[in-house]
Peer 1: 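Dropping a structure here in structure tokens format, bear with me for questions.
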Amino acid sequence: MTSLPQHVYETHDTLTLARLLLGCELVHHSPEGVTAGIIVETEAYLWGDPACHAYRKKTVRNAAMFGPPGTLYVYQIYGMYHCLNVVTGPEGVGEAVLIRALEPTEGVALMGLRRGLDPTTKPGLRGLCSGPGKLVIALGIDRQLHNFSSLTTGPVSIRPSRPTNSDIITTTRIGITQGADLPYRFYFRGNGFVSKG
DNA sequence: GTTCCGATTATCT
DNA sequence: GATAATCGGAACT
């Protein structure tokens, strides 16, 4: 239950945290049970970065990004899915790390239930959390409940874990057109739970 | 006021 | 590989 202390979020910049969070375990203590997985893929969104939601101005949607580091930023994407971010950078500065994929460690059955996996066409453990929208569903993350939630005091937390692989690959980010050339995506080499690559 | 388009995914061909 | 599903900002008129 030893989760990352608040000062970890406060004393590292966004790009450092994007790499530091790899290998840590994202845990959600929900009423239905505990679900968790090791973070194996992240992306950084920085101040002044055209792909960052906080690039233009503070809105109702991106308000959580301007909160203190260690806050959750959950937003709806494509009108039907959600993405989970760890807010980074000083309060008032809109930066965050997008969690793109997890290697499931706890509550696998519950995750499968939430994903509505058909046993006959089950994608298996690998497809359970191998994408930002998928892991939000699998962990039971709800924007109403968890946007603005603190990773240090709330139901969703991050704790240090064994490094599944210390070999980190750096590439460009996925699914964006602005700032597409920036090397802000990080993932473990050879890890089968990464969304792509 | 209206149109366009995404930090995606499942389900086709 | 292509596309539908679906909605709130942003960028227009």
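Not measured: the values here are computed from a predicted model. Order of the sequence lines sets the chain letters (A, B, ...), proteins ahead of strands, with each chain counted from 1.
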Peer 1: Less than 5.5 Å between centroids and less than 30° between ring planes, does Tyr78(A) satisfy that with dT8(B)?
Peer 2: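 According to the criterion (under 5.5 Å, under 30°), yes, Tyr78(A) stacks.
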Peer 1: Looking at Arg159(A) and Glu106(A), does any basic side-chain N land under 4.0 Å from a carboxylate oxygen?
Peer 2: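 Salt bridge between Arg159(A) and Glu106(A), a charged N being under 4.0 Å from a carboxylate O: yes.
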Peer 1: Measure CG/Leu128(A) against P/dT9(B) and give the value in whole Å, please.
Peer 2: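 So the two atoms are 13 Å apart, to the nearest Å.
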Peer 1: Which whole-number value in Å describes the distance from Ile176(A) CD1 to dA7(B) C1'?
Peer 2: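 Ile176(A) atom CD1 is separated from dA7(B) atom C1' by 7 Å.
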Peer 1: CD of Gln76(A) versus C1' of dG6(B): gap in Å, rounded?
Peer 2: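 About 12 Å, once rounded to whole Å.
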Peer 1: Between dG9(C) atom P and Arg61(A) atom CZ, what is the distance in whole Å?
Peer 2: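 In whole Å, dG9(C) P lies 7 Å from Arg61(A) CZ.
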Peer 1: Hey, does the Lys NZ or Arg CZ of Arg173(A) hover above the aromatic six-ring of Tyr45(A), less than 6.0 Å from the centre and inside 45° of the axis?
Peer 2: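 Judged by the rule, Arg173(A) and Tyr45(A) form a cation-pi pair.
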Peer 1: Out of His82(A), His146(A), His53(A), which one pairs with Tyr75(A) under the ring-ring contact (aromatic ring centres under 6.0 Å, His included) rule?
Peer 2: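 Single ring-ring contact (aromatic ring centres under 6.0 Å, His included) partner of Tyr75(A) among His82(A), His146(A), His53(A): His53(A).
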Peer 1: May I ask you to check whether Arg114(A) and Thr35(A) show a side-chain donor-acceptor distance below 3.5 Å?
Peer 2: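 A pair is found: one side chain offers a donor N or O, the other an acceptor, under 3.5 Å apart.
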Peer 1: Can you tell me how far C1' of dT8(B) sits from CZ of Arg185(A), to the nearest Å?
Peer 2: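 Roughly 14 Å, once rounded to whole Å.
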Peer 1: Just one of Thr172(A), Thr14(A), Asp49(A) clears the side-chain contact (heavy atoms from CB on, under 4.5 Å) bar with Tyr184(A), so which one?
Peer 2: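 Exactly one pass, corresponding to Asp49(A).
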Peer 1: Over how many whole Å does the gap from Arg56(A) atom CZ to dG8(C) atom C1' extend?
Peer 2: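 Rounded to whole Å, this separation is 15 Å.
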Peer 1: Answer yes or no as to whether dA7(B) has its base stacked against Tyr45(A), where stacking requires a ring-centre separation under 5.5 angstrom and planes under 30 degrees apart.
Peer 2: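 One would call Tyr45(A) stacked on the dA7(B) base.
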Peer 1: Can you figure out which of dT9(B), dA7(B), dA10(C) approaches the side chain of Ile77(A) most closely?
Peer 2: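 Within the option list, the nearest is dA7(B).
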Peer 1: Which value, in whole Å, describes the distance between the C1' atoms of nucleotides dA10(B) and dG8(C)?
Peer 2: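 Comparing C1' positions in dA10(B) and dG8(C) gives a spacing of 22 Å.
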Peer 1: Hey, does the side chain of Arg115(A) come within less than 4.0 Å of dA10(B)'s phosphate (OP1/OP2), counting only N and O?
Peer 2: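 So the side-chain polar atoms of Arg115(A) do come within 4.0 Å of the phosphate oxygens OP1 or OP2 of dA10(B), strictly under.
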Peer 1: Whole Å only: how far is the OH atom of Tyr81(A) from the P atom of dC5(B)?
Peer 2: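 Between P of dC5(B) and OH of Tyr81(A): 21 Å.
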Peer 1: Any idea which of dT8(B), dG6(B), dT6(C) is nearest the Met80(A) side chain?
Peer 2: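 That would be dT6(C).
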Peer 1: Any side-chain N or O of His82(A) below 4.0 angstrom from OP1/OP2 of dT8(B)?
Peer 2: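 Negative; the distance criterion is not met.
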Peer 1: Within the structure, does a side-chain N or O atom of Arg100(A) lie under 4.0 Å from either OP1 or OP2 of dT8(B)?
Peer 2: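 So the side chain of Arg100(A) is within the cut-off, an N or O lying under 4.0 Å from OP1 or OP2 of dT8(B).
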Peer 1: Please determine, for dA2(C), whether a Watson-Crick or G-U wobble partner exists with both distances under 3.5 Å, and give it or none.
Peer 2: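 Its partner is dT11(B) (Watson-Crick or G-U wobble, both distances under 3.5 Å).
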Peer 1: dA7(B) P sits how many Å from Asn147(A) CG, rounded?
Peer 2: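 Distance check: Asn147(A) CG to dA7(B) P gives 16 Å.
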Peer 1: Name the pairing partner of dT2(B), where a pair is Watson-Crick or G-U wobble with both distances under 3.5 Å, or state none.
Peer 2: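 The answer is dA11(C), by the H-bond criterion.
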